[in-house]
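Quick note: numbers below take in every heavy atom, side chains included, and nothing from hydrogens, waters or symmetry partners. Owing to the predicted nature of the structure, the values given are computational and were not obtained by experimental measurement.
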Amino acid sequence: MAESWATLGVDLHLEPLRKGSGSGLRKGLTDALRDAVRTGRLAPGTRLPSSRSLAADLAIARNTVADAYADLVAEGWLTARQGSGTRVAERPVPAPTGPAPRRRAAGRPTYDLTPGTPDLGAFPRAEWLKAARRALAAAPNDALGYGDPRGRVELRTALAGYLARARGVHADPERIMVCAGFSHGLMLLGAVLRGRGAREVAVESYGLDVHWKLLTGAGLRTTALPFDELGTNTSQLEELRPAAVLMTPAHQFPMGVPLHPDRRAAAVDWARRSGGLILEDDYDGEFRYDRQPVGALQGLDPDRVVYLGTASKSLAPGLRLGWMVLPPALAAEVTEAKGVSDWSCGTLDQLTLAEFIESGAYDRHVRSMRLRYRRRRDQLVAALAERAPDVRATGIAAGMHAVLELPPGTEESVARAAAWHGLGVHGLSRFRHEGAVAEPRDALVVGYGTPPDHAWSGALDALCRALP
């Protein structure tokens, strides 16, 4: 009895031209295989099904498949070796005709100093793999199905304990929402706010334009709050009367200052009196060096603050794992906005992160990276003092980036010089909201977390050569 491909190996979709039987069918199969190889659908090195398997799948004679394979081996399209099976032959790629396509890699910088990305080479692969194995072995069968839109309860429970301990967050697993990173969480919040009739969200004078665009994409205006040496001026909330305010109170991005205690209290008082919401972006709260930890603003009033965190800085953005701790009055609406099933975040990665946290591996990794980034921060400051004494680094008591203050009027020229030296780095003006009222400042925002260890000294040398 013939067996199907399901029991005989790899699957291959082919539609051979049926030209009767015998040699006609053989030619139809040969042409279909040759065309699949020629067009690149079957890449060089691809292993093909055995002649028996493909014959059973196509309901044709095995000899017909064997003869077609033999023809293509003779022509050089396929190779057949004992023990290796039949594979698509390796062959030179023909040169393209017509205008050469533009290559993105041509302008890629030698050293990436853009802020916001950790050292991906330091991702704890071995520990993550161990956690993944333990998590998968312990996972119930229903964990592999369509789940709770809030995310797996194992991760929500692990996050509740960690955030309470490490960031001072009042977290109940029932009010934690797992999302695919900060931007996904902000999209959901923007949709809920607009659905409530909100029209305006206050933001900080400096931040990420991608976040502002997400809010405007939800139909909300963004209005910039004033900024000074004490951080964002939250007293202006009373006058502006927005529905919500998006802030980075523990470590303002990118300026690097923590929000002054009086202004933290003023923001919470405004939210209580007005019924507004504070959207707290705690993007790098674990990394601090020369100061006491600044707890989450959410701890002052869990009913008026939405806490947003992410694994993008502590582990890797490619995990696409973030979380929100929602006020009770908002939890049901955000859950409904996310949908009836948790389609956005892979279950196995959620279970792995839960195990990674519960086992203590997450704390160990954060402590290790804190030491690594502090060393780089110290090396940056020392290099500036020696080679660019007119440039002062600010906002460096925490985080993974520094703001290098430049002489007035020099930001654009220094940014060009940095690019010439192979550096990927942004000027401060890139992070300035179009509605900001304070005088523009000339500076570079330098991310010292991104380069791998072996490239850091070269990046630092190139940076110093570009600075005035």
Side-chain angles (χ1 to χ4, degrees), residues 114-120 122-124 128 131 149-152 155-169 171 173 175-190 203-204 207-215 246-254 256 278-288 293-298 305-326 334 338 342 344-347 349-354 356-357 361-363 365-366 369-370 373 398-401 431 447 449-450:
T114 54
T117 304
D119 180 353
L120 300 178
F123 183 82
W128 185 262
R150 295 173 299 175
R152 286 299 305 178
L155 179 54
R156 290 187 282 116
T157 301
L159 286 170
Y162 174 78
L163 295 173
R165 168 172 55 83
R167 300 297 299 129
V169 173
R175 293 192 291 106
I176 293 179
M177 167 78 72
V178 179
C179 48
F182 176 85
S183 292
H184 181 212
L186 190 59
M187 287 174 60
L188 295 173
L189 292 169
V203 298
E204 296 174 306
L208 286 175
D209 59 353
V210 64
H211 296 164
W212 304 329
K213 289 175 181 177
L214 286 172
L215 293 172
L246 173 63
M247 304 178 67
T248 51
H251 186 229
Q252 203 285 325
F253 182 85
I278 300 172
L279 313 182
E280 178 180 14
D281 179 5
D282 193 33
Y283 67 102
D284 65 354
E286 291 99 340
F287 300 114
R288 72 273 178 181
V294 177
L297 190 64
Q298 190 262 8
V305 181
V306 180
Y307 176 90
L308 297 101
T310 174
S312 296
K313 308 298 183 290
S314 56
L315 285 167
L319 292 176
R320 305 314 307 141
L321 285 174
W323 43 87
M324 295 185 284
V325 183
L326 299 164
V334 177
K338 192 180 182 192
D342 185 17
S344 60
C345 310
T347 295
D349 281 341
Q350 290 186 55
L351 293 173
T352 300
L353 180 56
F356 200 71
I357 294 172
Y362 187 82
D363 282 272
H365 176 70
V366 167
M369 297 309 296
R370 191 182 295 147
Y373 295 147
M400 299 152 45
H401 71 271
F431 304 98
T450 307

(message) Can you see whether S314 engages Y362 through a side-chain donor-acceptor pair at a distance of less than 3.5 angstrom?
(response) yes

(message) To check you understand the geometry: which heavy-atom pair defines the closest contact between P149 and M177, and what is its length?
(response) O-SD, 3.3 Å

(request) State the NZ-CG distance between K213 and L208, to the nearest 0.5 angstrom. (result) 11.0 Å

(request) Kindly compute the distance separating OG1 (T117) from CE (M400), expressed to the nearest 0.5 Å. (result) 7.0 Å

(request) Could you tell me whether the side chain of S312 reaches within less than 4.5 Å of the side chain of R320, counting heavy atoms only? (result) yes

(message) Could you tell me if the side chain of M247 sits less than 4.5 Å from the side chain of E204, heavy atoms only?
(response) yes

(request) Could you tell me whether the side chain of Y162 reaches within less than 4.5 Å of the side chain of V169, counting heavy atoms only? (result) no

(request) Specify the closest pair of heavy atoms between L120 and A316, including all atoms of both residues, with the distance to one decimal. (result) CD2-CB, 4.1 Å

(message) How close do E286 and R288 get, counting heavy atoms only, and between which atoms?
(response) O-NH1, 3.4 Å

(request) For L215 and G190, work out which heavy atoms get closest and say how close. (result) CD2-CA, 4.5 Å

(request) Can you label the angle between the H211 ring and the F182 ring as parallel, tilted or perpendicular, going by 30° and 60°? (result) tilted

(request) To the nearest 0.5 angstrom, please state how far the CD atom of Q350 sits from the CH2 atom of W323. (result) 11.0 Å

(request) Check whether any side-chain heavy atom of R152 lies under 4.5 Å from a side-chain heavy atom of L351, and answer yes or no. (result) yes

(message) Exactly one of L326, I176, D282 should register a side-chain contact (heavy atoms from CB on, under 4.5 Å) with Y307. Which one does?
(response) D282

(message) Once rounded to the nearest 0.5 Å, what's the spacing between atom CE of M369 and atom NZ of K313?
(response) 13.5 Å

(request) Measure across L163 and V325 and return the closest heavy-atom pair with its distance rounded to 0.1 Å. (result) CD1-CG2, 3.9 Å

(message) Return the OH to CD distance between Y283 and Q252, rounded to the nearest 0.5 Å.
(response) 7.0 Å

(message) Is there a side-chain contact between P317 and P118 in this structure, where contact means two heavy atoms from C-beta onward sitting under 4.5 Å apart?
(response) yes

(request) Quickly, which of V366, L321, L353 forms a side-chain contact (heavy atoms from CB on, under 4.5 Å) with L315? Name it, please. (result) L353

(request) Over all heavy atoms of both residues, which pair between K338 and C345 is shortest? Give the atoms and the distance, please. (result) NZ-SG, 4.4 Å

(request) Kindly say whether P254 contributes a backbone atom to a donor-acceptor pair with the side chain of H401 at under 3.5 angstrom? (result) yes

(request) For residues L308 and L189, determine if any side-chain heavy atom of one lies less than 4.5 Å from a side-chain heavy atom of the other. (result) yes

(message) Please report the interatomic distance CG(L297) to OG1(T248), rounded to the nearest 0.5 Å.
(response) 11.0 Å

